> 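One structure, as structure tokens, below. Some questions next.
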Amino acid sequence: MSNKHVTINDVGPRDGLQNQVKHLTVEQRLQLINALVNAKVPAIEVGALVSPKAVPAMAGTDGIISQLPSANCDFSALIPNRRGYDNGHTLGIPMMSLVLAASNTMNEKNIRMNTAAILDVSREVLQQAKQDKQAVQAYVATAWGCPFEGDVAADAVLQLCEELLTAGAARCVIADTIGAANPEAVFSVMTKLVSAFGADKLSCHFHDTRAMGLANVYAALQTGIRHFDSSIAGLGGCPFAPGASGNVATEDVVMMLSQMGYETGIEMPALLAAADLAIALTGTAKGGKAKYWLEQQYARS
Ligand code: COA
Ligand code: ZN
């Protein structure tokens, strides 16, 4: 892969929908996934194999996984524990994502385990995954700030990544769950992580709560990161992280990257159609900030 190639993982069908007041049906969620596949998005987080009591909007993810289209796309699902792993492995999802936070209180609120306990669970899952030859990556949430504990030390993020990568995680996704990061903080943390583990083992996930999502993507790009999460139409938010708003919008990220000479393989007109669908299905997504401009460009061509 050239140094100008960036892989986008659209987390709209999971991060984007988990916090919606209106719960979409399995058919509607599949419609959104198919629209993203149609735009040639190379990786999609399709749902979460979690307790339906904890996150009702993600109920039915098993049904989604068994109806995924056959496409050249890295489909993934979030898992909080061994049960999620076993379920995902049986269903044949290509990638699973463990979710841990760099702050203890967030782990307790999100998955009802403290950091030591979720690390134990993660090691066990990763051990099993090794035997099963199943790819599992790990989210390191609240990496630039926790809604309960405030600032998070870069060393806590580094240590958690070290544990998870050593235990066999395919990659660590460094997540700004509440959109607390700024470009300098991103540059500082990601420079440390890239020098410790290499850019190939890392990805970044930004929320646009304080309108710094795109600037944060740019800062991470400068440290060598070439793998990003984003969410169609800027959908998003975590039900257990007060104040978390949507992810940086996929269409904005793809536009910025393309204007800087990076390629993602994503087709913009079909991506804009997926954004329109996300807006129509949820009634809450706003669409990327460049939506109006992008629509003008593609209406003209
Ligand atoms: N998939 C489906 N159901 C699951 C499950 C899984 N992976 N893990 C547990 N459950 C079910 C249990 O069977 C139990 O069901 P019951 O009440 O009908 O008996 C219920 O969930 C609670 O299980 P328990 O083991 O007591 O867990 P808990 O109440 O301590 O909750 C989690 C722990 C991890 C299951 C729950 O907090 C969770 O799913 N969190 C996900 C959070 C999330 O997705 N956040 C957004 C991502 S950032
Ligand atoms: Zn998120």
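Both counts, for ligands and for their atoms, begin at 1 and track the order of listing. We're numbering straight along the sequence, starting at 1. As the structure is a computational prediction, the values presented were derived from the model and not from experiment.
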> So Arg226 and Tyr262, do their side chains get closer than 4.5 Å, heavy atoms only?
yes

> Would you name the heavy atoms of His227 and Asn9 that are closest together and state the gap between them?
CE1-CB, 4.4 Å

> Can you tell which of Ser203, Cys204, Ser97 makes a side chain to side chain contact (heavy atoms under 4.5 Å, CB included) with Val173?
Ser203

> Would you confirm whether the ring centroid of Tyr298 sits within less than 6.0 angstrom of the ring centroid of Trp293?
no

> The Zn ion (ligand 2): which protein N, O or S atoms are under 2.8 Å away?
Asp15 OD2, His205 NE2, His207 NE2

> Using distance alone, with no hydrogens and no angle criterion, decide if Thr115 and Asn104 have a side-chain donor and acceptor under 3.5 Å apart.
yes

> I'd like the residue list for ligand 1, meaning every protein residue with a non-hydrogen atom under 4.0 Å from the ligand.
Arg14, Gln18, Leu49, Val50, Ser51, Pro52, Lys53, Ala54, Val55, Leu78, Pro80, Asn81, Arg83, Gly84, Asn110, Ile111, Arg112, Cys238, Phe240

> Could you tell me whether Lys291 and Asp276 make a salt bridge, using a distance below 4.0 angstrom between a side-chain N and a carboxylate O?
yes

> Looking at Tyr218, I'd like to know if its OH atom is crowded, meaning that more than 12 non-hydrogen atoms belonging to other residues, nucleotides or ligands lie closer than 6.0 Å.
no

> Any side-chain heavy-atom pair from Leu98 and Leu126 closer than 4.5 angstrom?
yes

> In terms of the angle between their ring planes, are His205 and Tyr139 parallel, tilted or perpendicular, with boundaries placed at 30° and 60°?
perpendicular

